[in-house]
**Student:** 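Structure provided below as structure tokens; questions to follow.
All residue numbers in this chain count up from 1 along the given sequence. All heavy atoms count here, side chains included; hydrogens, waters and symmetry mates do not.
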Amino acid sequence: MKEKWFVMNKKADFNAIGKRFGIDPVTARIIRNRDIIGEEAVSEFLNGSVQSLHDPHLLKDVDKAAVLAAEKIAMRKKIRIIGDYDIDGVNATYILLHGLRNCGALADHVIGDRVHDGYGINKHMIKKALEDGIDTIITCDNGISASEEIAYAKNEGMTVIITDHHEVPFTLEDEDGAKVYLLPPADAIVNPKQADCHYPYPKLCGAAVAWKFIQVLYEQMGIPQEKSFEMIAHVAFATVGDVMDLMGENRVLVKLGLEAIHKTQNPGLLALIEQNQLQREQIKAWHFGFVLGPCINASGRLDTAVRSLQLLLETSLERAAVLAKELVELNSRRKNLTLEGVEQAKRIIEEQGLYKDKVLVVYLPGCHESIAGIIAGRIREQYHKPVFILTDAEDGGVKGSGRSIEAYSMYDEMTKCRELMTRYGGHPMAAGLSMDKGNVDKFRQKLNDCANLTEEDFVEKVHIDVPMPLYYIHPQLLREFECLEPFGKGNEKPVFAVRDVHPLRAALIGKNKNVLKFLLEDGATGSMDAVYFGDANLLLDFLREKFSNQEVDALFNGMPQSIRFSITYDPSINTYRGNENVQVVIRHFC
């Protein structure tokens with residue numbers, strides 16, 4: 001895959017910022033690279049707290065929704081929460097259920113089956129709710145695109161409150177081509193993506209929107225708003241797991257949530273942490289996204305998301321341990337299925353010449369539909385193009401998921417060929433869809449015909465925060481970098497670079513001998529350990545091609561050689577048997 005390295009060159013007086021806030025100029029530069037400008041913004045970035053959170057009353061319809069819910073609680077009406085089956089939907093359902101029951105509500109929940117029910121609320125769920133005597137439905141992490149289903153519920157006399165964060169559906173049928181938004185006929189819609197919602201931060205996840213609604217409901221019911229912070233760990237878990245931007249309010253929510261999980265007494269969270277051989281005090285945003293979160297998602301993919309919700313609701317540590325173990329095992333199975341699917345998709349792309357397309361649409365009939373999105377993400381990483389992975393659905397059609405690149409708004413582009421799909425929804429960077437099998441080729445063709453992408457869009461852009469020699473790295477600076485956390489989408493770990501490092505020796509390490517370890521020097525005094533966790537053969541082939549087999553052999557034998565190459569890296573403190581040493585993790589090379 002092609003890469004282009006860029007040094008971010010945003011201007012500021014880094015020495016002055018460092019002196020004002022007691023940080024290294026390098027740290028100041030990284031903060032400026034995140035477009036944090038001005039003393040107030042820098043202070044909030046470094047010291048964001050509860051006071052930094054926006055007023056939930058600014059969300060359109062949230063007061064109306066809270067009043068409605070309070071009335072239903074007072075009247076002892078049955079309320080049903082309908083959530084989604086991913087990490088955001090599971091945590092949002094937990095938040096609504098916990099919050100409503102704290103208010104004395106007669107509340108229960110339903111989370112649809114990914115395969116049998118599909119995404120979000122459907123008519124079958126509404127019919128079942130009517131049979132069960134449910135008066136009010138509250139959705140979370142879904143509902144904004146369910147106009148037909150909501151209309152059916154309303155016609156049957158039900159009250160419907162939507163809490164969601166997905167894009168509002170629209171058409172382009174206006175005379176001047178402007179978007180005409182299609183809102184479902186719910187009694188209240190709490191979604192910061194609405195065009196006339198004045199909430200200052202529209203990038204909340206579904207669980208955060210549900211939590212904001214509960215905050216207002218607590219106020220309505222005379223419950224101290226501070227009690228809502230019992231659930232802040234779940235807001236953070238969902239925010240990271242659903243890959244929301246970790247800037248602005250989201251960053252504060254995750255910081256607060258991490259502080260909460262370090263002290264959590266929730267048996268389900270404790271059991272899941274223990275089953276992954278972690279300690280609660282160790283948990284960082286990375287663990288939410290890549291260790292704990294996939295376990296929660298695995299049940300919704302290969303079994304039922306109800307199992308993940310049961311884990312979060314469990315009050316017994318013993319029963320929670322059993323559930324957590326099952327989720328970890330499911331996630332292991334999911335990993336194996338994903339690897340098989342990625343290899344199959346790559347073969348199809350190469351054999352059928354799909355790599356020539358601007359938008360990759362890959363039909364994998366044998367793929368488990370629950371992992372289509374993960375496979376799409378892996379293929380996007382390799383080709384740096386928008387990717388849709390489609391597979392067979394139970395109804396004889398196809399279902400699929402898409403993952404995009406920054407230059408391509410997936411939801412907007414899908415809208416241009418909405419006539420080919422029976423259902424679709426999502427974000428600029430990710431989407432889901434259903435269609436008739438006969439429309440797959442038409443879908444691929446139309447997406448590519450409409451795509452205004454250039455070759456430049458397919459080049460991965462590696463943004464370097466600071467060109468920094470290895471000798472500048474020291475433990476005190478690395479500990480200071482913790483003030484930049486939590487890291488994630490929109491606030492990635494800082495990327496450093498150094499030219500012409502000279503490896504003194506190399507070795508393949510790890511259980512499978514697939515990790516490259518170097519001792520590097522960069523022309524200054526001293527040397528430093530470096531590891532590369534990517535494809536070791538790729539890096540070795542690069543060195544052999546640029547230099548020679550003899551030079552690489554000399555490197556592995558610790559003999560003199562003339563190898564020099566440039567790297568991007570992130571530094572870390574490696575602790576082994578009580579000893580600390582600084583090492584760098586190589587990310588890119590050239």
**Student:** When you measure from the side chain of Q282 to the backbone N and O of Q279, does any donor-acceptor pair fall under 3.5 Å?
**Tutor:**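 The answer is yes, because a donor-acceptor pair under 3.5 Å joins these two groups.
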
**Student:** Please find the pair of heavy atoms, one from N491 and one from P486, that lie closest to each other, and give the distance.
**Tutor:**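 Here N491 and P486 meet closest at ND2-O, 2.9 Å.
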
**Student:** May I ask you to check whether Y218 and W211 place their ring centres under 6.0 Å from each other?
**Tutor:**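 Not under 6.0 Å, so no.
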
**Student:** Under a 3.5 Å threshold, yes or no: a donor from one side chain and an acceptor from the other, between H165 and D88?
**Tutor:**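 Looking only at side-chain atoms, D88 and H165 do form a donor-acceptor pair, the distance falling under 3.5 Å.
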
**Student:** How far apart are the closest heavy atoms of P185 and S147, and which atoms are they?
**Tutor:**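 Scanning both residues, the minimum pair turns out to be CD-O, 3.7 Å.
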
**Student:** In sequence, state the C-alpha distance, the side-chain angles, and the governing distance for L269 and R280, and then conclude on side-chain contact (heavy atoms from CB on, under 4.5 Å).
**Tutor:** CA-CA 9 Å; L269 289 176; R280 63 182 180 178; over 6 Å; no

**Student:** Within the 4.5 Å heavy-atom criterion, are N91 and D141 side-chain neighbours or not?
**Tutor:**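 No, their side chains stay 4.5 Å or more apart.
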
**Student:** Salt bridge or not for K227 and E230, using N-O below 4.0 Å?
**Tutor:**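 E230 and K227: salt-bridged.
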
**Student:** Between Y201 and N250, does the side chain to side chain donor-acceptor pair (under 3.5 Å) criterion hold? Intermediate values first, please.
**Tutor:** CA-CA 9 Å; Y201 189 80; N250 278 345; 3.3 Å; yes

**Student:** Please find the pair of heavy atoms, one from A70 and one from L217, that lie closest to each other, and give the distance.
**Tutor:**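 Minimum heavy-atom separation between A70 and L217: N-CD1, 4.0 Å.
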
**Student:** Check the pair L311 / I296 against side-chain contact (heavy atoms from CB on, under 4.5 Å), numbers first and verdict last.
**Tutor:** CA-CA 9 Å; L311 175 72; I296 296 294; 4.3 Å; yes

**Student:** After noting the C-alpha distance and the side-chain angles of D570 and R587, does the key distance pass the salt bridge (Lys or Arg N to Asp or Glu O under 4.0 Å) rule?
**Tutor:** CA-CA 7 Å; D570 62 73; R587 297 301 183 194; 2.5 Å; yes

**Student:** Is it true that N331 and R334 share a donor-acceptor pair across their side chains at a distance under 3.5 Å?
**Tutor:**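 Indeed, the side chains of R334 and N331 share at least one donor-acceptor pair under 3.5 Å.
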
**Student:** Salt bridge or not between K255 and E485? Use side-chain N to carboxylate O under 4.0 Å.
**Tutor:**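 Judged by the 4.0 Å cut-off on N to carboxylate O distance, K255 and E485 do not form a salt bridge.
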
**Student:** Looking only at side-chain N and O atoms, does E480 offer a donor or acceptor that is under 3.5 Å from a partner on T27?
**Tutor:**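 A donor-acceptor contact under 3.5 Å links the two side chains.
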
**Student:** Given the rule in the salt bridge (Lys or Arg N to Asp or Glu O under 4.0 Å) test, do E259 and K263 qualify, once you have shown the distances and angles that lead to the verdict?
**Tutor:** CA-CA 7 Å; E259 291 170 7; K263 304 171 186 173; over 6 Å; no

**Student:** If you look at every heavy atom in S401 and L433, which pair is closest and at what distance?
**Tutor:**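 Minimum heavy-atom separation between S401 and L433: N-CD2, 4.2 Å.
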
**Student:** Would D242 and D86 count as a side-chain contact (heavy atoms from CB on, under 4.5 Å) here? Give the steps.
**Tutor:** CA-CA 8 Å; D242 211 35; D86 69 358; 3.5 Å; yes

**Student:** Surrounding CD of E148 (heavy atoms of other residues, nucleotides or ligands, distance under 6.0 Å), is the total greater than 12?
**Tutor:**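 Check fails, neighbour count at 12 or below.
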
**Student:** Salt bridge between E340 and K335, side-chain N to carboxylate O under 4.0 Å?
**Tutor:**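 A salt bridge is absent here (no side-chain N lies under 4.0 Å from a carboxylate O).
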
**Student:** Please determine if K399 and E369 form a salt bridge, counting it only when a charged side-chain N lies under 4.0 Å from a carboxylate O.
**Tutor:**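 Judged by the 4.0 Å cut-off on N to carboxylate O distance, K399 and E369 do form a salt bridge.
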
**Student:** Checking side-chain contact (heavy atoms from CB on, under 4.5 Å) between V342 and each of I389, I371, I375, which is the one that passes?
**Tutor:**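 Answer to the side-chain contact (heavy atoms from CB on, under 4.5 Å) test with V342 among I389, I371, I375: I375.
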
**Student:** With side chain to side chain donor-acceptor pair (under 3.5 Å) as the test, would you mind laying out the steps for S316 and E318 before giving the verdict?
**Tutor:** CA-CA 5 Å; S316 160; E318 291 76 18; 3.1 Å; yes

**Student:** For the NE2 atom of H234 and the NE2 atom of H98, what is their distance to the nearest 0.5 Å?
**Tutor:**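 Taking NE2 in H234 and NE2 in H98, the distance rounds to 7.5 Å.
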
**Student:** Does T391 use its side chain to pair, donor to acceptor, with the backbone of L364 at less than 3.5 Å?
**Tutor:**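 Flag set: sc T391 to bb L364 pair under 3.5 Å.
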
**Student:** Starting at CD1 of I162, measure out to CD1 of I189 and round the result to the nearest 0.5 Å.
**Tutor:**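 If we round to the nearest 0.5 Å, I162:CD1 and I189:CD1 are 4.5 Å apart.
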
**Student:** Assess whether side-chain contact (heavy atoms from CB on, under 4.5 Å) is satisfied between I374 and N297, documenting all intermediate values.
**Tutor:** CA-CA 11 Å; I374 306 175; N297 273 330; over 6 Å; no

**Student:** How far does OG1 of T163 sit from CG of L96, to the nearest 0.5 angstrom?
**Tutor:**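 Spacing of OG1 (T163) from CG (L96) equals 5.0 Å.
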
**Student:** In terms of side-chain geometry, is the basic nitrogen of E131 or K128 positioned less than 4.0 Å from the acidic oxygen of its partner?
**Tutor:**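 A salt bridge is absent here (no side-chain N lies under 4.0 Å from a carboxylate O).
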
**Student:** Search all heavy atoms of V240 against all heavy atoms of G289 and return the closest pair with its distance.
**Tutor:**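 So the two residues come closest at CG1-N, 3.7 Å.
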
**Student:** Do Y199 and K212 have side-chain atoms, one donor and one acceptor, less than 3.5 Å apart?
**Tutor:**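 Checked: Y199/K212 side chains pair up, N/O donor to acceptor below 3.5 Å.
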
**Student:** With rounding to the nearest 0.5 angstrom, report the SG to CZ distance, C295 to F290.
**Tutor:**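 One finds 13.5 Å between SG of C295 and CZ of F290.
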
**Student:** Check the pair K123 / E149 against salt bridge (Lys or Arg N to Asp or Glu O under 4.0 Å), numbers first and verdict last.
**Tutor:** CA-CA 6 Å; K123 284 188 178 179; E149 292 80 4; over 6 Å; no

**Student:** Ring of F45, cation from R251 - is the NZ or CZ under 6.0 Å from the centre and inside 45° of the axis?
**Tutor:**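 Cation-pi check for R251 and F45: passes.
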
**Student:** Determine, for K154 against D187, whether the closest basic-nitrogen to carboxylate-oxygen distance falls under 4.0 angstrom.
**Tutor:**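 D187 and K154: salt-bridged.
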
**Student:** Can you tell me how far the CD1 atom of I111 sits from the OG1 atom of T93, to the nearest 0.5 Å?
**Tutor:**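 I111 atom CD1 to T93 atom OG1 measures 4.0 Å (nearest 0.5 Å).
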
**Student:** How many angstroms lie between atom CG of L317 and atom CD of Q265, to the nearest 0.5 angstrom?
**Tutor:**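 Atom-to-atom, L317:CG and Q265:CD are 8.5 Å apart.
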
**Student:** Are E249 and S52 close enough that some pair of their side-chain heavy atoms sits under 4.5 Å apart?
**Tutor:**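 Answer no - side chains too far apart.
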
**Student:** Assess the side chains of H166 and D164: does a donor N or O sit below 3.5 Å from an acceptor N or O?
**Tutor:**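 Present: a donor and an acceptor within the cut-off.
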
**Student:** Would you say E274 has more than 12 foreign heavy atoms packed within less than 6.0 Å of its CD?
**Tutor:**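 Not buried by this count: 12 neighbours or fewer within 6.0 Å.
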
**Student:** Testing R80, R76, K72, K77 for side-chain hydrogen bond (donor to acceptor under 3.5 Å, both in side chains) with D135, which one passes?
**Tutor:**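 Going through R80, R76, K72, K77 one by one, the side-chain hydrogen bond (donor to acceptor under 3.5 Å, both in side chains) with D135 is satisfied by K72 alone.
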
